[in-house]
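Written out below as structure tokens is the structure these notes cover.
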Amino acid sequence: MLIPHDTRIALEVVVDLVNTAPESEQPEGGDPVDGLADTDALYAFAGRHRVSGVNELDEKDLRAVHDVRARFAEVFAAADAQVAASLVNALVAAAGTTPQLSNHDGYDWHVHYFAPDASLADHLAADCGMALAFIIVAGETERLRRCEAPDCRHAFVDLSRNRSRRYCSSRTCGNRLHVAAYRARRREAAG
């Protein structure tokens, strides 16, 4: 599946946003942690993803981004493409999309779907919503997944050729489960 660069970047942003939710961030043996607990974390998120046009952020912005995050999580949990499409349509419509070509900050021409003075929440809803729309239009909603590791709820987009990815990270969750299975087999063989 060929995915344009700006769509791939927006998919990375939406996955990271969904994974900041408390139900996704639970340290081993600890209480869930909200990766966007305050405006400082929100500024850091916007900076990490080089979100353009971010000005002053306040508690209202934080609540709005939390709402967008929850609605994106619903898209990852959608039972089928029809449900996912309805959710994405609502997000994009509420954001007041205004598609525009842009070539800022050293990036070549690409499409911004958000209005020029959009809030951070509307910016995320529009750009990331359109990236998810691309996945839905391509008939690839099964690529929107949650990690299959029992102690992980991270979202990810499976961009493997054969749609076989099961874990958010093969280095952490996948490797941890493979090592655990290996050790269990060794114990069984020894006992």
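- At least one donor-acceptor pair closer than 3.5 Å links the side chain of S86 to the backbone N or O of Q82.
- Nearest heavy atom pair, residue D122 against residue F114, reads O-CB, 4.3 Å.
- Taken to the nearest 0.5 Å, the OG1 atom of T7 stands 8.0 Å off from the CD1 atom of I135.
- Taking the side chain as every heavy atom from C-beta outward, D67 and R71 approach each other to under 4.5 Å.
- In this structure the side chain of H66 never reaches within 4.5 angstrom of the side chain of L42, judged on heavy atoms.
- Remark: R48 CZ is packed, more than 12 non-hydrogen atoms of other residues, nucleotides or ligands lying under 6.0 Å away.
- Residues V68 and V13 share a hydrophobic cluster, clusters being chains of Ile/Leu/Val/Met/Phe/Trp/Tyr side chains in contact below 4.5 Å.
- Among all heavy-atom pairs drawn from F76 and F156, the shortest one is CE2-O, 3.5 Å.
- The number of heavy atoms from other shown groups lying within 6.0 Å of CG (D80) is above 12.
- The shortest non-hydrogen separation linking A78 to L87 is CB-CD1, 4.4 Å.
- Connection of L62 to F45 is established within a shared hydrophobic cluster, with ILVMFWY side chains joined at heavy-atom distances below 4.5 Å, either directly or through further cluster members.
- Of the residues R163, R166, R145, the one that meets the side chain to side chain donor-acceptor pair (under 3.5 Å) test with D158 is R145.
- Under the 4.5 Å side-chain heavy-atom criterion for grouping Ile, Leu, Val, Met, Phe, Trp and Tyr, V137 is not connected to I3 through any hydrophobic cluster.
- Rounding to the nearest 0.5 angstrom, the gap separating the CG atom in D16 from the NE2 atom in H49 is 3.5 Å.
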* To do: Report the C-alpha distance between L132 and L91 in whole Å, list the side-chain angles of each, state the deciding distance to 0.1 Å, and finish with yes or no for side chain to side chain contact (heavy atoms under 4.5 Å, CB included).
  => CA-CA 11 Å; L132 290 172; L91 268 165; 5.8 Å; no
Can you list the steps and then say if R50 with I9 is a side chain to side chain contact (heavy atoms under 4.5 Å, CB included)? CA-CA 10 Å; R50 300 175 68 182; I9 297 298; over 6 Å; no
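- Scanning both residues, D34 and P22, for their nearest heavy atoms gives CB-CG, 3.8 Å.
- Put simply, the side chain of R153 does not reach to within 4.5 Å of the side chain of E23, judged on heavy atoms.
- When all heavy atoms of Y113 and M130 are compared, the pair lying nearest together is CG-CG, 3.4 Å.
- Once rounded to the nearest 0.5 Å, the distance linking CG of N55 with CG of L120 reads 10.5 Å.
- Remark: side-chain polar atoms of H123 are not paired, donor with acceptor, to backbone N or O of C128 under 3.5 angstrom.
- By the 4.5 Å heavy-atom criterion applied to side chains, L36 and L17 are counted as neighbours.
- Here the shortest heavy-atom pairing between F72 and L124 reads CZ-O, 3.6 Å.
- For the pair R165 (side chain) and C168 (backbone), a donor-acceptor distance under 3.5 Å is present.
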Apply the test side chain to side chain contact (heavy atoms under 4.5 Å, CB included) to residues F134 and L11: give CA-CA distance (whole Å), side-chain angles for both, the deciding distance (0.1 Å), then the verdict. CA-CA 10 Å; F134 178 86; L11 290 171; 5.8 Å; no
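- N19 contributes a side-chain N or O that, together with a main-chain N or O of A155, makes up a donor-acceptor pair within less than 3.5 Å.
- Atom CD of Q100 has more than 12 heavy atoms from other residues, nucleotides or ligands within 6.0 Å.
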